[in-house]
Participant: 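Next up is a structure, given as structure tokens.
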2 protein chains.
Amino acid sequence: MDTRKEELTAALIDYLLTHGLSELSLRPLAAELGTSARLLIYHFGSKEGLLTAAMAAMHAQLRSSLQAMAETRASSAKAPLRRFWDWAVAAQNFPYLKLLYELQILAIRSPETYGPLLQNNAADWLALTKQIMPDDERDAAMASLPIAVFDGLFLELMSTGDRRRTTRALDRFIELVEQGRLQRKPQRSPTSKRGT
Amino acid sequence: MDTRKEELTAALIDYLLTHGLSELSLRPLAAELGTSARLLIYHFGSKEGLLTAAMAAMHAQLRSSLQAMAETRASSAKAPLRRFWDWAVAAQNFPYLKLLYELQILAIRSPETYGPLLQNNAADWLALTKQIMPDDERDAAMASLPIAVFDGLFLELMSTGDRRRTTRALDRFIELVEQGRLQRKPQRSPTSKRGT
DNA sequence: GTATCCATGTAACGAACGTTACATGTAACA
DNA sequence: TGTTACATGTAACGTTCGTTACATGGATAC
């Protein structure tokens, strides 16, 4: 049927992973895929449709990869946040996440162009990440802190490529959180009270 | 002398702050500035020269604003990280930082285009931020953690606009760090040992 | 064997891009 | 007053963009 379209979509994803979203142009893309701009429009309707199809397929791949990771949780004693990090920086997943962060930034400035690519999947993507994050802290602020740490360290990893340094910083954060938990849970100390 | 150029640069900065970098085009820009693409090239030599001049002027403004904040440190009891955050999310500074984060992401994918805009100022910008960050922890990983927290929360602030939530999360992080410091400094407990 | 449908090639469209050529104004300086 | 330097307007250059018109192959269905 449209096996040709699926082939094109797979190759298209590879192209996007290495070239990014913001400077995508049909003719160079077609040249590298061994086809023509004419056929890209023929198969996907428009450039926007092409991006939509590619991002949808990409997200499906990413979701299955994340699901596979989540199902092996029994074997590891690591903190969920660290396991999520390990998954994210793995060679097979890192370019995908890199692209998603790029998309996130582009959507801030040009929501009419890139917003639809986000809306299709940002919701369930965020749900998945939060499902993996530690959730024993009820507070919304505390819930967004691990995500922010992850985002900030991933940003630094993308810019510098320094995996060791960023991973260590994440471990430090996890230690901090565990220390805070140990300090608060078993003994309730009246010196540090927290309201509202 | 080139007061006209300086006027244009100021207006150009305003334009960049609201429209972003990635979709900049000379003719719409000139239309909004009340001039022509012809004159933009005349004054700045090229589009690249225009961007370089604008970013240099912008960074000078930002640096003086940051310096002014740093010199008032005696009056406040807040943590340096929190004071830096307050400065960053202030209405006058927020759009500037937003643009710098956009530039950072763009430079990851297209360093040949956006890298020079970063190289002019990324070094001293980072020096300034780290100068303000708490530095009583020697470890490099621990030094990059506050920056990552800041980056991640600022990213969320840009996407969601939720200043209250992100500020609370930052305060939670500061509490965590202070708890960790109190726990480690006065008494040395052999149960939590940390090596290398 | 003829018709139908999907896939593809060639070529062009109109628009927007950064940049440039050429001419003209306008003010300061000799 | 004439010259010189800077500022600006008009128009076009060549290129690339996403998209489309038109024609043709090649397989499958009747």
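Nothing here was measured: the structure is a model prediction, and the numbers come from that model. Below, chain A is the first sequence line, B the second, and so on; all start at residue 1.
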Participant: What is the distance from CD of A/Glu7 to P of C/dA7, rounded to the nearest Å?
Facilitator: 11 Å
Participant: Please identify each residue that fulfils side chain to side chain donor-acceptor pair (under 3.5 Å) with A/Gln61, with sequence neighbours left out.
Facilitator: A/Tyr96
Participant: Not counting sequence neighbours, list each pair that qualifies as a salt bridge (Lys or Arg N to Asp or Glu O under 4.0 Å) and has a residue in residues 40-58 of chain A.
Facilitator: none
Participant: If the condition is ring pair (Phe, Tyr, Trp, His ring centres under 6.0 Å), which residues does A/Phe94 pass it with, not counting sequence neighbours?
Facilitator: A/Phe154
Participant: Quick one: list whatever passes side chain to side chain donor-acceptor pair (under 3.5 Å) with A/Ser159, sequence neighbours left out.
Facilitator: B/Gln104
Participant: Mind checking what makes side chain to side chain donor-acceptor pair (under 3.5 Å) contact with A/Arg82, not counting sequence neighbours?
Facilitator: A/Asp86, A/Asp171
Participant: How would you label the contact of B/Leu24 with the nucleic acid (heavy atoms, under 4.0 Å): base, sugar-phosphate, or nothing?
Facilitator: sugar-phosphate
Participant: Do A/Ser65 and A/Trp87 pair up side chain to side chain, a donor and an acceptor below 3.5 Å, judged on atom types alone?
Facilitator: yes
Participant: Show me the pairs that pass side-chain hydrogen bond (donor to acceptor under 3.5 Å, both in side chains) and involve residues 11-27 of chain A, at least two apart or across chains.
Facilitator: A/Glu23-B/Ser110
Participant: If the condition is side chain to side chain donor-acceptor pair (under 3.5 Å), which residues does A/Glu32 pass it with, not counting sequence neighbours?
Facilitator: none
Participant: Once you round it to whole Å, what is the distance between P of C/dC6 and NZ of A/Lys5?
Facilitator: 13 Å
Participant: Below 4.0 angstrom, which residues in residues 35-45 of chain B have at least one non-hydrogen atom near DNA chain D?
Facilitator: B/Arg38, B/Leu39, B/Tyr42, B/His43
Participant: Whole angstrom is fine here: how far is it from CG in A/Leu51 over to P in D/dT19?
Facilitator: 10 Å
Participant: Rounded to whole angstrom units, what separation is found between the CG atom of A/Leu26 and the C1' atom of D/dT20?
Facilitator: 13 Å
Participant: Roughly how many Å is it from CD in A/Glu48 to P in D/dC17, rounded to a whole number?
Facilitator: 19 Å
Participant: Just the rounded figure in Å: distance from P of D/dG26 to CZ of A/Arg4.
Facilitator: 16 Å
Participant: Just the atom pairs and distances: protein N or O near nucleotides 13-16 of chain D's N or O, under 3.5 Å.
Facilitator:
none

